[in-house]
Engineer: 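Dropping a structure here in structure tokens format, bear with me for questions.
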Amino acid sequence: MPRTIIAGNWKMYKTQAEAVEFLHEFLPSLDITPETRQVLLCVPFTDLLCLSKNLHGSRVQLGAQNVHWQDQGAFTGEISAPMLTEIGVRYVVIGHSERRQYFGETDTTVNQRLKAAQAHGLTPILCVGESKAQRDAGETETHIMSQLEIGLQGIDQTNLVIAYEPIWAIGTGDTCADTEANRVISMIRSQLTNPEVTIQYGGSVNPQNIDQIMAQPEINGALVGGASLQASSFARIVNYEGA
Ligand SMILES: O=C[C@H](O)COP(=O)(O)O
């Protein structure tokens, strides 16, 4: 069985003070067994060191939201995998649609970042998903298969998480129907060599829909944006009803 992983992606939200305030409410609300349900917080670079100290000994792992493919060099504004692992980061989100849309991320650079993450023992969370126009044109499957084909070239599937995030469902409140998310995730799984890869759903996940989403057999977790910013809301999501 793939491991269940619920991740909060804070995007560009929360100062260190706000992050610590969040933890004070969030950590005591957790009602999970880490062996069966892993919880992650994927936070801005500036929050990582502080959260690493505050999460030490807790049941929550730390994730970054991007990583460069070189270990070091003249790459102003970038952060490398050794810099992340040194401070206790275990996971990194790669190829989020916002990186692809606003910062020129391509499947090729996604593949380079995945390789660098794995080379340093980080677990990458590879984000894939179609736009509204692609969905309307019936191109959901071909688009995602192309993202996977290029993104996963030479990638070790024993240390990998995939997040299916339909772009039209991100931050819109327009959640993909859970059966449809299950269908697409099943298609994604059919493209993999390792059936144990955790595949999350992301896109307007909230406390009201999490139980139904997690009841789908192919969905192994969630990548949660807006609803991970409030401690009570994210706690309800990670404590979802079900196995
Ligand atoms: O990484 C998270 C996704 O972009 C989903 O964001 P959202 O939950 O605010 O729709």
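In this chain, numbering begins with 1 at the start of the sequence shown. Just follow the structure's listing: the first ligand is 1, and inside any ligand the first atom is 1. All values reported here derive from a predicted model rather than from experimental measurement.
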Engineer: Just checking, is any N or O donor in the side chain of Q212 or D178 under 3.5 Å from an acceptor N or O on the other one?
Structural biologist: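 Looking only at side-chain atoms, D178 and Q212 do form a donor-acceptor pair, the distance falling under 3.5 Å.
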Engineer: Would you check if there is a donor-acceptor pair between the side chains of E130 and Y164 at a distance under 3.5 Å?
Structural biologist: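 Result is yes, a qualifying pair exists.
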Engineer: Look at atom 9 (O) of ligand 1 and say which protein heavy atom is nearest, naming residue and atom and giving the distance to 0.1 Å.
Structural biologist: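 The answer is G226 N, 2.8 Å.
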Engineer: Say whether A227 and ligand 1 are in contact under the criterion: heavy-atom distance to a ligand atom below 4.0 Å.
Structural biologist: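 Judged by the 4.0 Å heavy-atom criterion, A227 does not count as contacting ligand 1.
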Engineer: Please state which part of I170 comes within less than 4.0 Å of ligand 1, counting heavy atoms only: side chain, backbone, both or neither.
Structural biologist: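 For I170, the contact with ligand 1 is made by both the backbone and the side chain.
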Engineer: Is any side-chain heavy atom of N209 closer than 4.5 Å to a side-chain heavy atom of V205?
Structural biologist: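 They are in contact (side-chain heavy atoms under 4.5 Å apart), so the answer is yes.
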Engineer: May I ask you to decide if E25's main-chain N or O and S29's side chain share a donor-acceptor pair within less than 3.5 Å?
Structural biologist: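 Looks like yes, one N/O pair under 3.5 Å.
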Engineer: Using the side-chain contact (heavy atoms from CB on, under 4.5 Å) rule, take R189 and N220 through it: C-alpha gap first, then chi angles, then the decisive distance, then the call.
Structural biologist: CA-CA 11 Å; R189 199 177 303 285; N220 313 127; 2.7 Å; yes
Engineer: Among all protein heavy atoms in this structure, tell me which lies nearest to atom 8 (O) of ligand 1, with the distance rounded to 0.1 Å.
Structural biologist: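 Minimum-distance protein heavy atom for atom 8 (O) of ligand 1 reads G225 N, 2.8 Å.
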Engineer: How far is atom 2 (C) of ligand 1 from the closest protein heavy atom, and which atom is that?
Structural biologist: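 Of the protein heavy atoms, E165 OE2, 3.1 Å lies nearest.
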Engineer: For L223 and ligand 1, does the shortest N/O to N/O distance drop below 3.5 Å?
Structural biologist: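 No, there is no polar N/O contact under 3.5 Å.
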Engineer: Identify, for atom 1 (O) of ligand 1, the protein heavy atom at the shortest distance, and state residue, atom and that distance.
Structural biologist: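 Ranking protein heavy atoms by distance from atom 1 (O) of ligand 1, first comes N9 ND2, 2.9 Å.
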Engineer: Between the side chains of Q101 and S97, is a donor N or O closer than 3.5 angstrom to an acceptor N or O?
Structural biologist: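 Side-chain D/A pair, Q101 to S97: absent.
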Engineer: Closest by any non-hydrogen atom to atom 4 (O) of ligand 1: pick that one out of H96, Q65, E98, Q200.
Structural biologist: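 Selected option, by shortest heavy-atom distance: H96.
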Engineer: Counting each atom of ligand 1 from 1 as listed, which ones have a heavy atom of G203 under 4.0 Å away?
Structural biologist: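 Per the distance check, 5 (C), 10 (O).
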Engineer: Should the pair R236-D211 be classified as a salt bridge under the 4.0 Å nitrogen-to-oxygen rule?
Structural biologist: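 Answer for the salt bridge query: yes.
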Engineer: Could you tell me, atom by atom, which parts of ligand 1 come under 4.0 Å of a heavy atom of G171?
Structural biologist: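 Counting from 1, the qualifying ligand atoms are 7 (P), 9 (O), 10 (O).
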